Amino acid sequence: MITVPLSALEVAMVQTGTPAEDTLRDTTEFARRVEELGYLRLWYAEHHHSPAIGAFPPVVLTAHAAALTASIRLGSGGVLAPNHAPIMLAEQFGTLAALHGGRIDLGIGRGPGTFDESTARALRRGAGPTTDDEYRDDVSSTLQLLVDEVGLAPLPEPWLLSSSTAGAALAAELGLPIAFAHHIRPDNTLAGLAHYREHFSPSRWCASPRVLVCVETVCAETDEEAARLVGPMDVIKAGLLKGQGGIPFPTPEEAAAHSFTAEEAQLLAGFRAHQAQGSPETVSKQLTDLVDLTGADELMLVTPVYALADRLRSYELVKQHVMMPTA
């Protein structure tokens, strides 16, 4: 059993052959169900111009889910600072936190949220990629504006998203809780977290290091069924390895018919070795080992599988077999 809290990340995968409206409907059902299951928080990721992931703003999905739920924490995981004016982020999430009883998190990240350069330029009104100093200023300004300009209470809980030592260094400098993207860059996790803990500076937001680790988790009744469900995301990842960011999310049947090169198969197997995929017994051991390895205070599970029913079943099995019952 896992003794640290478990949370969920919503990536809003768009099923092949279905309209995006169906994905929005699924996000509503997903929010209701993970709250019922007892997950601590649910975050929404920012993505743009992808046939596989819905371009649904985290602030909008957070507001929608907050109106339909009562206790689960909600927020961005993350909203991407270079795409937004700091004053807008402060006003939007400050308002949500005031409206919804302090249940709102503001997870801030750096990436563009797209693999398309023209989309990235449009989001940034023609500007190029943000520099380290610009990103630091954006995050700092957002935090300061929450305190000085918004004037609402309670404030949202800020988190810094990171997949590198550089991001971990900024979280440590600003005294923010860190959400590490182990599901994206598992090779960076241990070095990033070690740097964060060593250099952490207490702040009004966080008195001591606080670590959330996000891990790709697919749980099914058997290891074989979990492997079948993982197939579509493997196809997406193989496309990314080739620089193809605009691949639709295939069905498990389409993924089963896909041919991977030997190099792709090796890289994908190496990635899967760092995640949690399999039967309840397999996933329980993998998540327990990850907590022991990273010293995480919380795990956030992302489950990018094709059908909502299979995704919810994964979270249900983790609840039944992995999550420590609450008192």
Side-chain angles (χ1 to χ4, degrees), residues 9-12 27 41-50 53-67 73-100 102-164 166-179 181 203-206:
L9 176 64
E10 172 67 271
V11 203
T27 64
R41 67 183 89 236
L42 170 60
W43 283 357
Y44 297 97
E46 179 179 346
H47 291 277
H48 303 277
H49 201 244
S50 167
I53 304 175
F56 310 131
V59 67
V60 176
L61 292 182
T62 298
H64 179 64
R73 294 195 65 90
L74 298 155
S76 55
V79 69
L80 303 174
N83 297 343
H84 309 275
I87 186 65
M88 291 304 297
L89 290 182
E91 289 176 349
Q92 289 168 351
F93 283 86
T95 301
L96 282 174
L99 286 172
H100 295 287
R103 290 197 290 139
I104 304 300
D105 299 329
L106 172 54
I108 304 174
R110 176 170 180 172
T114 180
F115 295 100
D116 181 71
E117 291 185 7
S118 62
T119 301
R121 286 193 298 271
L123 287 164
R124 297 172 179 176
R125 298 189 178 184
T130 186
T131 66
D132 290 347
D133 287 343
E134 288 170 339
Y135 177 52
R136 184 195 183 286
D137 288 346
D138 282 346
V139 176
S140 298
S141 295
T142 300
L143 297 175
Q144 198 62 47
L145 288 163
L146 277 174
V147 176
D148 293 342
E149 299 293 335
V150 175
L152 295 169
L155 293 174
E157 183 174 276
W159 291 73
L160 196 75
L161 277 62
S162 174
S163 62
S164 68
L170 180 58
E173 176 191 345
L174 298 178
L176 293 176
I178 190 171
S203 72
R204 67 168 293 152
W205 307 107
C206 196

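From a predicted model like this one, the values you see are computed outputs, not experimental measurements.
In this structure, the side chain to side chain contact (heavy atoms under 4.5 Å, CB included) partners of Ala85, at least two apart in sequence or on a different chain, are Ile87, Met88. Partners of Glu10 by side-chain hydrogen bond (donor to acceptor under 3.5 Å, both in side chains), not counting sequence neighbours, listed by chain and number: Arg311. Legend: residues meeting side chain to side chain contact (heavy atoms under 4.5 Å, CB included) with Ser163, ordered by chain and number and at least two apart, are Ala181, Arg185. Annotation: side chain to side chain contact (heavy atoms under 4.5 Å, CB included) contacts of Val147 (sequence neighbours excluded): Leu155, Arg204, Trp205. Every residue two or more places apart in sequence or in another chain was checked for a side-chain hydrogen bond (donor to acceptor under 3.5 Å, both in side chains) with His100, and none qualifies. The side chain to side chain contact (heavy atoms under 4.5 Å, CB included) search around Glu157 returns Arg41, Arg73, Asp105, Trp159, Arg210, not counting sequence neighbours.
Put simply, the side chain of Thr62 reaches to within 4.5 Å of the side chain of Leu96, judged on heavy atoms.
Between the CD1 atom of Ile108 and the NE2 atom of His84 there is a distance of 10.5 Å, given to the nearest 0.5 Å. With rounding to the nearest 0.5 Å, the separation of NE2 in His64 from CZ in Phe56 is 11.0 Å. In this structure, the separation between CG on Leu80 and OG1 on Thr130 is 11.5 Å, given to the nearest 0.5 Å. In this structure, Leu42 CG and Arg103 CZ are separated by 10.5 Å, a value rounded to the nearest 0.5 Å. The distance from the OG1 atom of Thr142 to the CD atom of Gln92 is 10.5 Å, given to the nearest 0.5 Å. Annotation: the span from Glu149 atom CD to Ser141 atom OG amounts to 11.0 Å, rounded to 0.5 Å.
Taking every heavy atom of both residues into account, Ser162 and Ile178 meet most closely at CB-CD1, 3.9 Å. When all heavy atoms of Arg110 and Thr131 are compared, the pair lying nearest together is NH2-C, 3.3 Å. Minimum interatomic distance between Leu145 and Ala90 (heavy atoms only, all atoms of both residues): CB-CB, 3.8 Å. Taking all atoms of both residues into account, the shortest heavy-atom contact from Gln144 to Asp148 is NE2-OD2, 2.6 Å. For the residue pair Ala98 and Leu152, the shortest heavy atom distance occurs at CB-CB, 4.0 Å. Of all non-hydrogen atoms in Leu176 and Pro158, the two that sit nearest each other are CD2-CG, 4.0 Å.
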Given Ser76 and Leu106, is the side-chain contact (heavy atoms from CB on, under 4.5 Å) satisfied, shown in steps? CA-CA 6 Å; Ser76 55; Leu106 172 54; 3.8 Å; yes

Evaluation steps, side-chain contact (heavy atoms from CB on, under 4.5 Å), between Leu174 and Leu160: CA-CA 9 Å; Leu174 298 178; Leu160 196 75; 5.5 Å; no

